[in-house]
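One structure is given below, encoded as C-alpha cells.
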Amino acid sequence: MRIFSGIQPTGVVHLGNYFGAIRQWVELQEGNECVYCIVDYHALTNEDMKPDVLREARRELALDLIACGIDPERTILFVQSDVPEHTELCWILGCVTSYGDLTRMTQFKQKAAEQEFVNGGLFYYPVLQAADILLYLADHVPVGEDQLQHLELSRRIARRFNYRFGELFPEPQPILGKGARIMSLADPTRKMSKSYGPEHYLGLMEPEESIRKKIRSAVTDIGLKPGQEMSPGVANLFTILELVAPTEVVEGLRREHAEGKLLYKHLKDVLFRHLMEALAPVRERRAELAARGDIDEVLAAGADRARVIAREVLGEARARVGLD
Ligand code: AMP
Ligand code: TRP
C-alpha cells in the first residue's frame, strides 16, 4: 500500500493528533511505503499565522514526529511547500471539483462562521488536500474522524478526473485509528483542538505539572446514580484511559462507575499516571532530539524523494488534460 497523510504546523502536537493519527502513521511504516507531509501551505489559511512562527513550527513538528517514531530513513517525511507540484495539481483538480461540494464542507462552514475575514484558501483547502494525496497515487490515508468528509471529497475528485481524462488516480480510503475522536477536557462537547485555546488540548510535550492540572480540572459531572448514562466528560476520560492503561484497570474503574462508586479524582489520578507512563518514551526522545542540528537536511532529503514521485505524476496529469 502507498500511504499518505499530512499534518499542519500550527504549534503543538496534542493527544488528539497523536492517538487519532500519528500513532497509526508510525505503525503503518511496517510493510508499507509511507509519505508524510508537514502541510505548511494549509497552515497559511490560518489568519493569524506569523511568518517566523510558521518557519519554526515546521522544524519543531518534524522533530515531534521523529520523536513519536516516524523514521525519515524508511519513510518520506517532507515539507509541502518544498514540493510546489502540490499547488499545480491543486489547480488542475480544482477544475474537476464541484463548487457545491466545496460549499458543503463542514470544516469550512465552521471556520468561516468563526471569523470575520474568510480567505479563499480556506475554501480551497480540501482541493489542496486532495492534491496532496493524489500526487503520490496514495490509496490509504490515516486520519482522525474529523477528516472523513475531506477524504470523501478526494475520492469524488479522483473519480471525476479519471472519468474525464482516463484512469490515473486511485480512490484513497481512510484508515481510522483507535483514538479516532478525542474531546476537549475543558468542553467535552468539542473535539480536542489547538484552535480553541490551551485549556482545550493536552500537548504531547507539555510540562508534567501542566498536564496534571488540566486533567484535574477536566469537566465531569456531579455524580451519577447507578445505571445512568455516562456524561461526555467522563466518557472522554475513559476514552483516553483505554488508550494508555491495561484492560483490567479500565474494566475495574468502569465497574466502579456503573455501581455509582467511582470517585472522579481517583479516575483522574489513574489516568494521569498511565498517560505519563505511555508518553514517557516519546517525551524522552524529543528531549534528546532537541539538540539535533540537522533537521533542515533531513527535511531537504525527504523533499528530494517526494519530488521524484510528484514530478512524474504531475507530468502525467498535465499530459492528460492537454497541458503538455
Ligand atoms: P491537525 O492538527 O488539524 O492538522 O490534525 C492532524 C491529524 O490529527 C488529523 O489526522 C486529524 O484528524 C487528527 N486529529 C486532530 N484533532 C483530533 C482529535 N481531537 N481527535 C482525534 N484526532 C484528531
Ligand atoms: N486537513 C488535514 C487536517 O487538518 C491535514 C491534511 C492536509 C491532510 N493534507 C492532507 C491529511 C492529506 C491527510 C492527507 O488534519
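Residue numbers start at 1 and run along the sequence shown. Order of appearance sets the numbers: ligands from 1, and atoms from 1 within every ligand.
Under the 3.5 Å distance criterion, the side-chain polar atoms of R318 are matched with a main-chain donor or acceptor of L323. Remark: side-chain polar atoms of Q173 are paired, donor with acceptor, to backbone N or O of E171 under 3.5 angstrom. Of the possible donor and acceptor atoms, none in the side chain of N32 sits under 3.5 Å from a partner among the backbone N and O of I3. In this structure, S193 contributes its side chain and S195 its backbone to a donor-acceptor pair below 3.5 Å. A donor-acceptor pair is defined here as one N or O able to donate and one able to accept, closer than 3.5 Å; no such pair exists between the side chain of K261 and the backbone of E256. Side-chain N or O atoms of E85 include none that pairs as donor or acceptor with a backbone N or O of L135 at under 3.5 Å.
Contact annotation: for M192 versus ligand 1, heavy atoms closer than 4.0 Å belong to both the backbone and the side chain. Contacts of M183 with ligand 1, taken as heavy-atom pairs under 4.0 Å, are absent altogether. Contacts between D146 and ligand 2, counted as non-hydrogen atom pairs separated by less than 4.0 Å, are absent for every part of the residue. By the criterion of a heavy-atom distance under 4.0 Å, neither the backbone nor the side chain of L128 is placed next to ligand 2.
Between F123 and Y99, the distance separating the two ring centers is shorter than 6.0 angstrom.
Annotation for E114: atom CD counts as buried by contact number, over 12 foreign heavy atoms lying within 6.0 Å.
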Inset, instruction - Check the pair D71 / Q29 against side-chain hydrogen bond (donor to acceptor under 3.5 Å, both in side chains), numbers first and verdict last. - result: CA-CA 8 Å; D71 174 4; Q29 293 180 116; over 6 Å; no
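Aromatic ring orientation, Y125 versus H150: tilted (interplanar angle from 30° to 60°).
In the vicinity of G20, heavy-atom distances shorter than 4.0 Å reach the ligand 1 atoms 21 (C), 22 (N). Ligand 2 places these atoms under 4.0 Å from at least one heavy atom of S5: 13 (C), 14 (C). Using a 4.0 Å cut-off to heavy atoms of I182, the atoms of ligand 1 that qualify are 18 (C), 19 (N), 20 (N), 21 (C). Atoms of ligand 1 found under 4.0 Å from any heavy atom of G144, numbered from 1 in the order shown, are 10 (O), 11 (C), 12 (O), 22 (N). Atoms of ligand 1 lying under 4.0 Å from any heavy atom of Q147, numbered from 1 in the order shown and given with element: 12 (O). Atoms of ligand 2 found under 4.0 Å from any heavy atom of V39 (numbered from 1 in listed order, with element): 7 (C), 9 (N). The ligand atoms of ligand 2 that sit less than 4.0 angstrom from a heavy atom of V141 are 13 (C), 14 (C). Of all the atoms in ligand 1, the ones that sit under 4.0 Å from a non-hydrogen atom of A21 are 7 (C), 8 (O), 10 (O).
For the pair R190 and Y196, the distance from NZ or CZ to the six-membered ring centre is under 6.0 Å and the angle to the ring normal is within 45 degrees. Under a cutoff of 6.0 Å and an axis angle of 45°, R305 and F78 do not form a cation-pi pair. Figure legend: K214 and Y201 shown as a cation-pi pair, the cationic atom lying under 6.0 angstrom from the six-membered ring centre and within 45 degrees of its axis.
Put simply, part of K194 is less than 4.0 Å from ligand 1, judged by heavy atoms. Using a non-hydrogen distance threshold of 4.0 Å, H42 does not register as a contact of ligand 1.
For atom 5 (C) of ligand 2, the closest non-hydrogen atom of the protein is G6 O, 3.6 Å. Distance from atom 4 (O) of ligand 2 to its nearest protein heavy atom, with residue and atom name: Y125 OH, 3.0 Å. For atom 8 (C) of ligand 2, the closest non-hydrogen atom on the protein side is Q129 NE2, 3.5 Å. Looking from atom 9 (N) of ligand 2 to the surrounding protein, the closest heavy atom is D132 OD2, 2.7 Å.
When only interatomic distances are considered, the shortest N/O to N/O separation between E145 and ligand 1 does not fall below 3.5 Å. On a distance-only criterion, N17 and ligand 1 share at least one N/O pair closer than 3.5 Å. Considering both main-chain and side-chain atoms, Q8 comes within under 3.5 Å of ligand 1 through a nitrogen or oxygen pair. Considering backbone and side-chain N/O atoms, H150 never comes within less than 3.5 Å of an N/O atom of ligand 2. In terms of N/O distances under 3.5 Å, ligand 1 is not approached by P142.
Checked options D132, T87, I38; the residue passing with Q80 is D132 (criterion: side-chain contact (heavy atoms from CB on, under 4.5 Å)).
Which of G16, A43, S184 comes nearest to atom 17 (C) of ligand 1 through a heavy atom is settled by distance: it is G16.
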